[in-house]
There are 2 protein chains.
Amino acid sequence: MSASTHLADSCGPGDVYTAMCPCRDMLDLLANKWSALAIGALEDGPQRFGELRRQLQGISPKVLSASLKRLEDHDLVTRTVYAEVPPRVEYALTDLGHSAAVPLAALRDWVEDNVTTH
Amino acid sequence: MSASTHLADSCGPGDVYTAMCPCRDMLDLLANKWSALAIGALEDGPQRFGELRRQLQGISPKVLSASLKRLEDHDLVTRTVYAEVPPRVEYALTDLGHSAAVPLAALRDWVEDNVTTH
DNA sequence: CGTGATAGTACCCTACAGAAACCAGGTGCC
DNA sequence: GGCACCTGGTTTCTGTAGGGTACTATCACG
């Protein structure tokens with residue numbers, strides 16, 4: 001179903017409540033457990049695959065690599081490969097990623113503040 | 001790092017990066033496309049099932065009812081049945097739900113502001 | 001010559017998201 | 001009477017996202 005006709009501006013200024021708006025995709029990407037955690041982890045600076053894997057406790061390598069690929073596709077993170085041995089790959093936030101990190105941090109903070117460990 | 005001890009069933013101050021922390025569940029719930037949209041829709045006041053279904057374009061009744069049930073289980077929304085004909089069921093935010101709506105609104109706003117419609 | 005580290009991929013399986021059909025049960029319409 | 005229509009879901013079926021574990025390539029080190 002290509003919406004690539006002049007239907008493109010059908011959701012005007014961007015409305016996440018409109019099904020065919022491209023911002024739905026972005027919401028689906030960001031409103032996701034692993035994306036929110038990964039972007040938060042990268043706020044501290046670039047991280048390697050293994051570092052992220054350890055930090056995002058419970059994520060499997062397959063899911064981490066898929067999540068990062070999706071974030072890369074949406075220009076939220078960059079992937080830099082260093083031709084070294086052992087191999088080194090660094091993931092870093094783009095400017096867009098850094099700006100997205102702000103509302104995501106607010107969401108994580110709300111969760112940590114409002115879930116009582118009682 | 002400060003990873004002195006990983007508590008078995010409690011993560012102390014609440015850390016979404018800890019796999020077994022109960023706040024992981026809450027993050028998983030809120031960091032979700034439909035939850036973010038549903039909570040946003042309910043900010044305007046209580047809504048009926050059919051109203052939400054129309055507002056959250058593209059959601060299926062099964063997924064909507066499951067999402068609302070999950071939000072209800074976490075005390076973010078209330079479900080009120082009126083014994084009328086035709087049947088009427090109203091969903092409304094709790095106080096906790098209203099406070100969660102704030103960071104979620106920020107996230108939706110970021111998405112709408114940063115996804116170019118072309 | 002075997003072990004370890006890194007950054008993934010391959011394989012398999014389960015659970016859930018999503019689409020479409022269906023249900024209860026009361027009302028208005030003819 | 002009989003039938004379509006309203007609401008708020010549930011049931012059924014299927015595709016895909018997620019997850020566990022094993023395995024790869026490359027080189028350094030002992």
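This structure is a prediction, so every number in the text was calculated from the model and none was measured. The sequence lines fix the lettering, A, B, ..., with proteins before strands; numbering per chain opens at 1. Both backbone and side-chain heavy atoms feed into the values below; hydrogens, waters and symmetry mates do not.
- Taking atom CG of residue A:Leu64 and atom C1' of nucleotide C:dG8, one finds them 10 Å apart after rounding to whole Å.
- The distance from atom NZ of A:Lys33 to atom CG of B:Asp28, rounded to the nearest 0.5 Å, is 4.0 Å.
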Protein heavy-atom contacts under 4.0 Å, written 5' to 3' over nucleotides 9-27 of chain C as B (base), S (sugar-phosphate only) or - (none), form the string B-B-----BBB------SS

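- Here the side chains of B:Tyr91 and B:Leu71 are not in contact, with every heavy-atom distance at 4.5 Å or above.
- Residues from residues 74-82 of chain B with heavy atoms under 4.0 angstrom of DNA chain D, sorted by number: B:Arg79.
- In this structure, CZ of A:Arg54 is placed 14 Å from C1' of C:dG8, rounded to the nearest angstrom.
- Between the CG atom of A:Leu29 and the C1' atom of D:dA17 there is a distance of 14 Å, rounded to whole Å.
- Distances shorter than 4.0 Å separate none of the side-chain N or O atoms of A:Arg48 from OP1 or OP2 on C:dT6.
- When rounded to the nearest whole Å, the span between CD of A:Gln47 and C1' of C:dA7 equals 15 Å.
- In terms of phosphate contacts, A:Arg53 brings no side-chain nitrogen or oxygen within less than 4.0 Å of OP1 or OP2 of C:dA7.
- Between B:Arg24 and B:Thr18, the closest side-chain pair of non-hydrogen atoms is not below 4.5 Å.
- Between A:Leu68 and A:Arg79 there is no side-chain heavy-atom pair separated by less than 4.5 Å.
- With rounding to whole Å, A:Arg88 atom CZ is found 13 Å from C:dA7 atom C1'.
- Between atom CG of residue A:Leu76 and atom CG of residue A:Asp95 there is a gap of 11.0 Å, rounded to the nearest 0.5 Å.
- Considering OH of B:Tyr82 and OG1 of B:Thr80, their distance stands at 5.0 Å, rounded to 0.5 Å.
- Between A:Leu64 and A:Trp34, every side-chain heavy-atom pair lies at or beyond the 4.5 Å cut-off.
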Let me have the donor-acceptor pairs involving side chains of residues 39-56 of chain B, under 3.5 Å, with sequence neighbours excluded, atom names and distances please.
unit_1: B:Glu43; atom_1: OE1; unit_2: B:Arg108; atom_2: NH2; d: 3.4
unit_1: B:Gln47; atom_1: NE2; unit_2: B:Ala41; atom_2: O; d: 3.4
unit_1: B:Arg48; atom_1: NH2; unit_2: B:Pro87; atom_2: O; d: 3.2
unit_1: B:Glu51; atom_1: OE1; unit_2: B:Arg48; atom_2: N; d: 2.7

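- From B:Leu37, atom CG reaches atom CG of A:Leu27 across 5.5 Å, with rounding to the nearest 0.5 Å.
- One atom, CD of A:Glu84, and another, C1' of C:dA5, lie 13 Å apart when rounded to the nearest Å.
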